[in-house]
Protein chains: 2
Amino acid sequence: MSREEKPNTAILSRALPRKKQGLSPCAACEVRHLAVCSALKTDDLDELDAILTRRDLSAGDTLFDEGEPARNVYNLTSGCLKLYKLLPDGRRQVTGFLFAGDFVGLANSDDYIYSAEAVTQVALCRFEKHKLDHLMNTHLSLEKRLLGMARFELVEAQEQILMLGRKTAMERIASFILMLSDRAQRRDEPADPVKLPMSRNDIGDYLGLTTETVSRTITRLRKNGIISLDSDRSITIKQRETMNDIAEGF
Amino acid sequence: MSREEKPNTAILSRALPRKKQGLSPCAACEVRHLAVCSALKTDDLDELDAILTRRDLSAGDTLFDEGEPARNVYNLTSGCLKLYKLLPDGRRQVTGFLFAGDFVGLANSDDYIYSAEAVTQVALCRFEKHKLDHLMNTHLSLEKRLLGMARFELVEAQEQILMLGRKTAMERIASFILMLSDRAQRRDEPADPVKLPMSRNDIGDYLGLTTETVSRTITRLRKNGIISLDSDRSITIKQRETMNDIAEGF
DNA sequence: CATCATAATTGACCTAGATCAATTCGTTGC
DNA sequence: GCAACGAATTGATCTAGGTCAATTATGATG
C-alpha cells in the first residue's frame, strides 16, 4: 500500500470526535468483523446496539434449556459455550462448541432444540428474535449475512455427520483438534498451541465417545510425538501433516 | 368459504387465456407449495421458469461429485436423491436423502461438499447459482424462504448428529423409519406404509451402521410385531407409539 | 421361464470402543 | 504446605455392532 493511502488529518478530525461523543459500543467491538454485526455499516450499528442486551455467564451457567420457547438469539463475544441435546436416560450429545463471533440460534424452531451452557466465562449480546427479524427487514445485508452463516453452518454439520458416522476414535480426535485450531485462526488467534477449554467428558459427548477413549487416544497421539500437552489445557500440534492425514482417514 | 368468493367470469376470462397462452409451467407444478418456489407469487413464476432447466435422472445416475465446482443448485420435483461423502479408503457417509420439494445445494461452498446420486428415477429443476442469486435481489421473499429452509435443515442436522453420536442401532432404525414417514406426510403422501426406496446398504451408510446390522435390526422389529414388511420396498408401522419410544431412547 | 446378477438375510466369530474399577493429577481452600 | 474433591489417566474386562461367509430372495434379461 502507498503512503498516500494513510488517512489525512482532515478525515481523522471527522472520525475521532464522533467516537468520543459515544458512538455505538458495537463500533468498538473486537469481534464485530467475525459476527453477524459485520453486515451493518458502522453508521447503522447504533440500531443494533439499541435492540441488544449484553450479558455475562460464568463457567457452568446455563443460558437456556432444550424445549424452552426460543425468544432470543445471541452473539457470543468472548469465551466458549457448548450446545447439547439429552436422551431420556441421560445420554448426552454435544452438538457444538461456540466461540467469539459465533451466533447462537441459527437453527430455527419455536423452541430451543438444544441446551446451551457456558464452558468458560462467557460474554454475549442478546437479541429478542422479533426485534432482530424486524431489523432484517430494513437492513437486507443482515438477512444476507444470516443466510451466509446458516449455509456455512450446514457445511460444518455435514463434516460432523461424516465424523460421527464413519470415523474411528483416533480420526475423530485428530479432526477435533484441527477444527479447534482452524477456528482459532479464523478469529485471528494463533493456530497453535490449540486451547481445549472443555473437559474430556464434553469432548467425548461431542465426538460420540467416552471420556476414557478420549483420554487414551490423546495419550496415544502424545506418545507418538504427534502432539504435546502443555499446561493450561492447551495442545501443541508437532506434526500437522500427520494430523491432517489421520483426520482425513488416510 | 362463501359462494361469493368463487371467481366470477370476468376474473376467469382474464385468467384462463393466460394459462392457455403458456403461463409458466411452474404454475402447474405439483410440488411448488413444498419448494423454494412457494416464495414467489404466481405472477412472478415465469421469472423463475426463465432461469431454470428441467432435468431427469435414472436410478444410479450421478448428479454431481464432491469437490466439483458448485455452479448449480437444484430443486427436486420427484423421486429420491442421496447425498454422500467418501473417505479415501472408501468408507461412505450418506448425509441425506432428498425427496420432492427438497432443495439441493443449501450447504454453501465454492465446491460441492458431497456427491449426489439418484436413488430412483428423479426429476429436477436446475438453477445456475448466480442467476438464482440475482433473482433473490429483486425478490426478497426468495431469500427469506431460503433462509427459512437453511435454518430448518440445521434443526434436522442436529437431530442427525444426536442419532449418530448417541443412539443404538435399534434407536437409529426406528428414528429413520419415522423420519421417512413424517417427511412423506409433509409432502401430502400417506404417513403409512412408509416407502424405503433406498437399499439396506444406503440406509447403513446413512445411519453409520453396516448392511447386516440394518437387516438384523429391521428383522427384529418385524419379529416383535412393531412393523411389517410389505412387498415393493415399503414398511407398515403397526405400533407407532412403541416406535416413537424406541426412537426417542425410552 | 430359466439364467444370472445383485440385494437381503442369517449365522459364526471378532474387535473397537464401552464399562467398571483403581490410581494419579490439579486445583481450591484453609 | 496439605487436605479434599473433581478431572484425567490407566488397567482389566465386556459387548454392541462389525467382519467374514454362506444362503436365500428379488429382479432383470434373453
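Nothing here was measured: the structure is a model prediction, and the numbers come from that model. Proteins get letters first, then strands, A, B, ... in listed order; numbering begins at 1 in each.
- Nucleic acid contact class of A/G204 (heavy atoms, under 4.0 Å, all strands): none.
- Across all strands, A/S215 comes closer than 4.0 Å to base atoms (heavy-atom distances).
- The B/T213 side chain lies nearest to D/dG17 when the options are D/dG17, D/dG11, C/dA7.
- Heavy atoms of A/R233 sit under 4.0 angstrom from primed sugar atoms or phosphate atoms, though from no base atom.
- Nearer the 5' end of DNA chain D, as judged by each residue's closest nucleotide, is the contact made by A/T211, out of A/T211 and A/R166.
- A salt bridge (Lys or Arg N to Asp or Glu O under 4.0 Å) with B/D102 is found for exactly one of B/R187, B/R183, B/K82, namely B/R183.
- Per the geometry, CD1 belonging to B/I218 stands 14 Å off P belonging to D/dG17, to the nearest Å.
- Annotation: of the two residues near DNA chain C, A/T210 and A/D232, the 5′-most nearest-nucleotide partner is A/T210.
- One can place CD1 of A/I173 at 10 Å from P of D/dT9, the figure rounded to the nearest angstrom.
- For A/R172 and C/dG17, a side-chain-to-base donor-acceptor distance below 3.5 Å is absent, hydrogens and geometry of angles not being considered.
- As a whole-Å value, the separation of B/K223 NZ from C/dT9 P is 11 Å.
- Within the 4.0 angstrom heavy-atom criterion, only backbone atoms of the sugar-phosphate kind lie near B/L209; the bases stay farther away.
- More than 12 non-hydrogen atoms from other residues, nucleotides or ligands lie less than 6.0 angstrom from CZ of A/R126.
- Taking atom CD of B/E171 as the reference point, atom C1' of D/dA16 lies 12 Å away to the nearest angstrom.
- For C/dT9, the OP1/OP2 oxygens have a side-chain nitrogen or oxygen of B/R200 closer than 4.0 Å.
- B/L207 has its CG atom 10 Å from the P atom of D/dG18, to the nearest Å.
- Remark: B/R92 is positioned above the aromatic ring of B/Y84, its terminal NZ or CZ atom under 6.0 angstrom from the ring centre and at most 45 degrees off the axis.
- When each of D/dT10, D/dC20, D/dG17 is scored by its nearest atom to the side-chain atoms of A/E212, the top-ranked nucleotide is D/dT10.
- Counting heavy atoms from C-beta on, the side chains of B/L207 and B/F176 come closer than 4.5 Å.
- In this structure, B/Y112 and B/F64 have parallel ring planes: the angle between them is below the 30° cut-off, well short of the 60° mark.
- For C/dT10, one of the phosphate oxygens OP1 or OP2 lies less than 4.0 angstrom from a side-chain nitrogen or oxygen of B/T219.
- Between the CG atom of B/N201 and the C1' atom of C/dT6 there is a distance of 12 Å, rounded to whole Å.
- Summarising the geometry, the separation between CZ on A/R220 and C1' on C/dG17 is reported as 11 Å, rounded to the nearest angstrom.
- Here the P atom of nucleotide C/dA8 and the CG atom of B/L229 are 12 Å apart, to the nearest Å.
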